Amino acid sequence: MTLTSVNPATISGQGLTDAKRLSMYRQMVLIRTFEEALLRDYHADKSPVWDIGAGLIPGEMHLAAGQEPVAVGICDHLTADDAVTATHRPHHLAIAHGMNLRKLAAEIFGRETGLGKGRGGHMHLFDPDTHFSCSGIIAEGYPPALGQAFAFSRRGTDRIAVAVTGEGAANQGAFHESLNLAAVWKLPVVFIVEDNDWGISVPRSASTSVPSNADRAAAYGIPGERVEDNAVEAVWEVAGRAIQRARDGGGPSLIEVHTLRLWGHFEGDAQGYRTDLEGVPDRDPIPTYESSLRAAGILDDAAVAEAKTDALAAVDDAIAFAKSSPVPDPTQATAYVFTDSSAEEARS
Amino acid sequence: MTLTSVNPATISGQGLTDAKRLSMYRQMVLIRTFEEALLRDYHADKSPVWDIGAGLIPGEMHLAAGQEPVAVGICDHLTADDAVTATHRPHHLAIAHGMNLRKLAAEIFGRETGLGKGRGGHMHLFDPDTHFSCSGIIAEGYPPALGQAFAFSRRGTDRIAVAVTGEGAANQGAFHESLNLAAVWKLPVVFIVEDNDWGISVPRSASTSVPSNADRAAAYGIPGERVEDNAVEAVWEVAGRAIQRARDGGGPSLIEVHTLRLWGHFEGDAQGYRTDLEGVPDRDPIPTYESSLRAAGILDDAAVAEAKTDALAAVDDAIAFAKSSPVPDPTQATAYVFTDSSAEEARS
Amino acid sequence: MTATQTTIAPAAITRRLTTAKAMAEGIATEMAMNPEVFYLGEDVGAYGGIFGSTGGLLEQFGPQRIIDTPISETAFIGLAIGAATEGMRPIAELMFADFMGVCFDQIYNHMAKIHFESGGAVKVPMVLTTAVGGGYSDAAQHSQCLWGLFAHVPGLKVVVPSTPYDAKGLMISAIRDDNPVVYMFHKGVMGLPWMAKNARATDVVPEGAYEVPIGKARIARPGTDCTVVTISLSVHHALDVADKLAAAGVADAEVIDLRSLVPLDRDAIWTSVSRTGRLVVVDEDYLSFGMSGEVVATIADRDPSVLRAPVQRVAVPDVPIPYAHGLEHVVLPNASRIEAAIRAVMGA
Amino acid sequence: MTATQTTIAPAAITRRLTTAKAMAEGIATEMAMNPEVFYLGEDVGAYGGIFGSTGGLLEQFGPQRIIDTPISETAFIGLAIGAATEGMRPIAELMFADFMGVCFDQIYNHMAKIHFESGGAVKVPMVLTTAVGGGYSDAAQHSQCLWGLFAHVPGLKVVVPSTPYDAKGLMISAIRDDNPVVYMFHKGVMGLPWMAKNARATDVVPEGAYEVPIGKARIARPGTDCTVVTISLSVHHALDVADKLAAAGVADAEVIDLRSLVPLDRDAIWTSVSRTGRLVVVDEDYLSFGMSGEVVATIADRDPSVLRAPVQRVAVPDVPIPYAHGLEHVVLPNASRIEAAIRAVMGA
Ligand SMILES: Cc1ncc(C[n+]2csc(CCOP(=O)(O)OP(=O)(O)O)c2C)c(N)n1
Ligand SMILES: Cc1ncc(C[n+]2csc(CCOP(=O)(O)OP(=O)(O)O)c2C)c(N)n1
Ligand SMILES: [Mg+2]
Ligand SMILES: [Mg+2]
């Protein structure tokens, strides 16, 4: 029930080896590289008249640039047996949790080889291999996470579920119900709030009655911590404790991370409403982390270059795979509504 | 954001004149007398085979016996210009807030002279005269109360809204959303939780992650107090402060009262699940208050007898009115769906 | 698919159960065989379900598998969804279908769509049970059928048993189904000791496991002159009227019990109506934009020329369910309205 | 009621507006005249509404009357309800109709029923605006129409404009209506600069206040050979196809724009179909248990013998909206499906 602002200077860092630091940096670079590639492809073929429904990647596109520290700091503690549920802004978590990059890219490009065979799209990623899911409905990804946690604990495993929403979502009813139920039943779930200061155009101050959502842990008798810094190591430290507690049968925790929406709410958002734009570029967590790892002697030019080259290679491969994959067969548009209307049978 | 257990011994009692004490006692007696009359009529004609749908008062019947202190302690601070929204268990609040007893009884008996012309029933009481409303859906009476408070403040009045639910309802999403929105917009609303230990058959411990819902005020940055004693003066004191704060523009508060469900959840509930039945009769707040007023010299045998006689007269009058009122005309069953399908026009 | 009449080897069956007991027995049968099945909801434990759906199950399976929840429908239905995606087979009870509005997002945006959005990769093998219907003065928020809403959104199977035999067999089929199934039980068919019972609410039910296939209508009464398509409690009203009108020489009506809305057994409707040329639809849900229109359109889609008279739809005439007994019973599809409808299609 | 063609004195009108601007102008017109009108919802202030519904209104009326809310639909729609019961005239925006599941209880159990339950004593004069429809790859949780659900529950008027003229006039009528009105605007008719536009999304709109009566369909194109009954964006697809098929000599189709589902202008449907004998219904909502069935039943209720051919229903074939462009566009009621349907009813 405590509110903790973690200062990275005071992080105990136990278990935070240089190798891990490097790997977390590389993960953040991979995520950013992936989203930069999406950004390019998303906008590439929407001109001359920008049309949201046109192009190789149509529809709403919510990118998570700036929020990589949250994903990487958490998922480092997880294996593919643990569950992660995300929101309309899911890529950073999907990648950090180890989702196959090709399947992810193919889904975003609406291809038959995608995670959901092109049916789901970027807000609806369901990956049985990594127990990853998401929901485009605010806060409604929390409740299913309870059920994954429930199944894990009923089966006597120490697997856990991590459920993520934005700070805007913390004012939705599902948030409250989920925290209470998880607390009463001591479910192994860690609730994460990504506070990027904005819910589309509405600033946190206009939507939220408390300065920290971690304060809300008191309403459920569970531990709550706020990480003030958008720093991967701070997230890693705080999330690690909560995840261990959940694995040990200690029940749920709530963590809010003060992170950063580096770009618009979705692509095409001119952000005219945004009063804090000026300082944003300087707050990009990746260069910040890069500097500190350089200062610590963990990164040098070569390692940075290697991280970027490797990321680019992986992303290029995934995007090339997506682009060269077949689009779904239109005659199969009504398949998969029921298990007994799967493609096979729909064909017949 | 404080949690206060109010001990009646320490109540400041400012403004609590003897006349007010007597009147609060008489109000509680009136409410109880009304519900006892309902109890009799409800069961009178359901035998030999008890049938919930049969008799002069059919349907579910949720009586509030034991919870009178909450209603009376709050409503003493209100005028008919203030709004009260209640739940499936609304009679005590309706009467304490000054609803016309004849119209209330007639609605419960399903008569054309009832508040809702027999359309609403006992869970759906809407009284424009006292700005009273209720909802049979758990916690869903809170949100409309926000709107009444909003209208009052927009019009520059010092009128307020009081929104009431049970402790079981405090785990529903609407509870959370309402408190947050009221806090952010500083609406003049006082949220009340009637903790009678049970949500139907589910004990509070199995549903609620915190010992006191007043703790949840911290999640919204508003004052929260729990009244441990089911005592009208304790409620009066705590509610008075919150109501004054709301009138003064200080925004919402949350109050939980630990009260008592003297009877079953609804009539016909055998309460086989209930582990605390033994002590219940002794906890009836009316005899308790009676004794303390006798001890204080405010009540004597004559005053008690007068309270009961007056209550009985008022209740008898209301019930006789109800029973002698016409049932609604079946040809008007589809009226009142829209304002333009009101009885007049439906007839034509 | 054409309608089948259930034939049971007569020797084996003498035992008679209420629909409620048959439903609970269906649950128990599967729970005994499959440890992944569990049941959760409000008052399903010690209370045994407000409408008897889980009577005796707590004693048999204990609180780890028959689980009382907080009043948090979004959270616990979502929990069931998540557990189902992990391979468990949860049954979640929404106490009244009327409450769907507090949790419909989990139902239609998640339970119904995850399989599709995942391109078939994730299954959601769960059952959502819920009580429907009026007739006992429970008024506008506790008497609705609303199956038209559940059936409108793709991805849910919707079954609505009318007899003890079907209640058990459809429950077993629903639990074994790999798709989400909404199982809607009418309070009036449950055979509850405290509510007016239909004569057929107690009937022979085989012991052991058996399935009633989901999607196959039942010819509840064969006939030649007209077709009455209906479901749930109205099946019994229709049968009573059909027998009466046959005896009176007015019409030999065929009564079709749809048993499920999704899948809708359009072939059964067509086969009968194309033979009789006269169609009455009896639906306790609201008239417009629901089941009755869909049944009618099923004929008009294929060949409206088979209809020898205007169709008659007997449903709730787009009015909330009134409280007063005399009003409620004229808006429900009662025997006299059904009789008038049959006479109308017969031109009698 | 029979359908009317809108006739406007031609001299006055030269100004052309997008549907979005016409809608906002309708709101502004009423707000300027009536201080009780206010608008609240997510991103309706500085952002101007995600789909442009409130463009420019914040500048004109300030943050006291154009109000950004937290992401708490239950709370703020409930707030609107409560304010309406106190005599204000709120307009609440549900950003996407797809999100109704998080707040439908306020909508159908409260907004829709309070007037009825109060026996006409309380009015709820409010408007609920919400964006509907797909076609731009926003996938299964952001592309639905769902008007069948809103129209199924009694107590709500449901209007769905297809043109700039109607968008303004229906908005003014909705605000002035003493009943709750759900106002559903299709993203594809709004004329947004960033989305593919229908050619008729910009059209002449008179200045000043005018009403389009709620409940009267519009003959969008008179014709003699068959009747196409439709609503919203599909009106435009139907008009395009009708013109093409008339030019090709296949059929002179009458196109009826229903404009509202509740009240449903059954006379307009009947008058046309009883004359043409051939019916196509085009509906961007799901096929089953919705609008298309109700329109068909409207004819079969009166006299199915006027139908000279099986009816054709062009709707979303009971499948969630797929993400991939090529899948989505085959499940939507596109021009080629409408053409095939008209050809089918014509036997051509
Ligand atoms: C129930 C619901 N309401 C509204 C929306 C529309 N919406 C999508 S994202 C968003 C803002 C979310 O803000 P936040 O939770 O802070 O997440 P962020 O976008 O900042 O990552 C809104 C209002 C939605 N998807 N679901
Ligand atoms: C959303 C919703 N869920 C469930 C119910 C059924 N229900 C009616 S009263 C009740 C228990 C309420 O408990 P509490 O809030 O403590 O109030 P009490 O009955 O004790 O006064 C329940 C579960 C309902 N009416 N609405
Ligand atoms: Mg945010
Ligand atoms: Mg209680």
Side-chain angles (χ1 to χ4, degrees), chain C residues 74 98-109 112-113 116-117 139-141 144 146-149 151-155 261-262 264 279 281 285-286 288-313 316-320 322-323, chain D residues 74 98-109 112-113 116-117 139-141 144 146-149 151-155 261-262 264 279 281 285-286 288-313 316-320 322-323:
Chain C
T74 290
D98 308 68
F99 308 157
M100 51 77 85
V102 303
C103 55
F104 201 48
D105 190 73
Q106 285 297 323
I107 296 169
Y108 84 112
N109 270 335
K113 289 180 183 158
F116 177 82
E117 291 169 330
Q141 295 180 335
Q144 301 169 94
L146 295 179
W147 42 56
L149 298 185
H152 182 58
V153 291
L261 291 187
V262 182
L264 179 62
L279 172 60
V281 188
D285 196 359
Y286 302 117
S288 297
F289 305 94
M291 170 186 130
S292 66
E294 190 59 30
V295 169
V296 172
T298 297
I299 303 303
D301 284 349
R302 298 202 186 180
D303 185 0
S305 75
V306 302
L307 292 169
R308 282 177 251 160
V311 301
Q312 289 284 329
R313 296 193 281 159
V316 176
D318 297 335
V319 60
Y323 165 64
Chain D
T74 289
D98 308 68
F99 308 156
M100 51 76 87
V102 303
C103 54
F104 202 47
D105 189 74
Q106 285 297 325
I107 296 170
Y108 83 112
N109 270 335
K113 289 179 183 158
F116 178 83
E117 291 170 331
Q141 295 180 336
Q144 301 168 95
L146 296 177
W147 43 56
L149 298 184
H152 182 57
V153 291
L261 291 186
V262 182
L264 180 62
L279 172 61
V281 188
D285 197 0
Y286 302 118
S288 297
F289 305 94
M291 170 187 131
S292 65
E294 190 60 29
V295 170
V296 172
T298 297
I299 303 302
D301 284 349
R302 298 202 185 180
D303 186 359
S305 75
V306 302
L307 292 170
R308 283 177 250 161
V311 301
Q312 289 284 328
R313 296 192 282 159
V316 176
D318 296 336
V319 60
Y323 165 62

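This is a predicted model, so every value here is computed, not measured. In what follows, chains are A, B, ... by sequence order, proteins preceding strands, each numbered from 1.
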Interface moiety of [X] toward chain D, non-hydrogen atoms closer than 4.5 Å:
{"X": "C/Pro322", "answer": "both"}
{"X": "C/Ser288", "answer": "both"}
{"X": "C/Leu261", "answer": "both"}
{"X": "C/Gln106", "answer": "neither"}

Might you point out which heavy atoms bring [X] and [Y] nearest each other, and give the distance in Å?
{"X": "D/Pro320", "Y": "C/Pro154", "answer": "N-CG, 3.7 Å"}
{"X": "D/Phe289", "Y": "C/Leu264", "answer": "CZ-CD2, 4.2 Å"}
{"X": "C/Asn109", "Y": "D/Gln141", "answer": "O-NE2, 3.0 Å"}
{"X": "D/Ala309", "Y": "C/Pro304", "answer": "O-CG, 3.6 Å"}
{"X": "D/Ala300", "Y": "C/Val296", "answer": "CB-CG1, 3.3 Å"}

Atom [atom1] of [X] and atom [atom2] of [Y]: how far apart are they, to the nearest 0.5 Å?
{"X": "C/Glu294", "Y": "D/Ser292", "atom1": "CD", "atom2": "OG", "result": "6.0 Å"}
{"X": "D/Asp105", "Y": "C/Met100", "atom1": "CG", "atom2": "CE", "result": "9.5 Å"}
{"X": "D/His152", "Y": "C/Asp318", "atom1": "NE2", "atom2": "CG", "result": "8.5 Å"}

At a heavy-atom distance under 4.5 Å, which candidate from [options] has the highest pair count against chain D?
{"options": "C/Gln312, C/Glu117, C/Arg308", "answer": "C/Glu117"}
{"options": "C/Asp303, C/Thr74, C/Asp285", "answer": "C/Asp285"}
{"options": "C/Ser305, C/Pro317, C/Gly293", "answer": "C/Gly293"}

Heavy-atom pairs under 4.5 Å with chain C, option from [options] with the top count:
{"options": "D/Ala297, D/Gly155, D/Gly148, D/Ala112", "result": "D/Ala297"}
{"options": "D/Tyr323, D/Phe99, D/Phe104", "result": "D/Phe104"}
{"options": "D/Asp301, D/Leu307, D/Ile107", "result": "D/Asp301"}

Donor-acceptor under 3.5 Å (C/Lys113 side chain, D/Ala140 main chain):
yes
Would the distance check show the side chain of D/Tyr286 and the main-chain N or O of C/Ala151 forming a donor-acceptor pair, the cut-off being under 3.5 Å?
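Pair absent, no side-chain N/O of D/Tyr286 close to backbone of C/Ala151.
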Please report the C-alpha distance between D/Val153 and C/Leu149 in whole Å, then the side-chain angles of each, then the deciding distance to 0.1 Å, and finally whether the side chain to side chain contact (heavy atoms under 4.5 Å, CB included) criterion is met.
CA-CA 9 Å; D/Val153 291; C/Leu149 298 185; 4.2 Å; yes
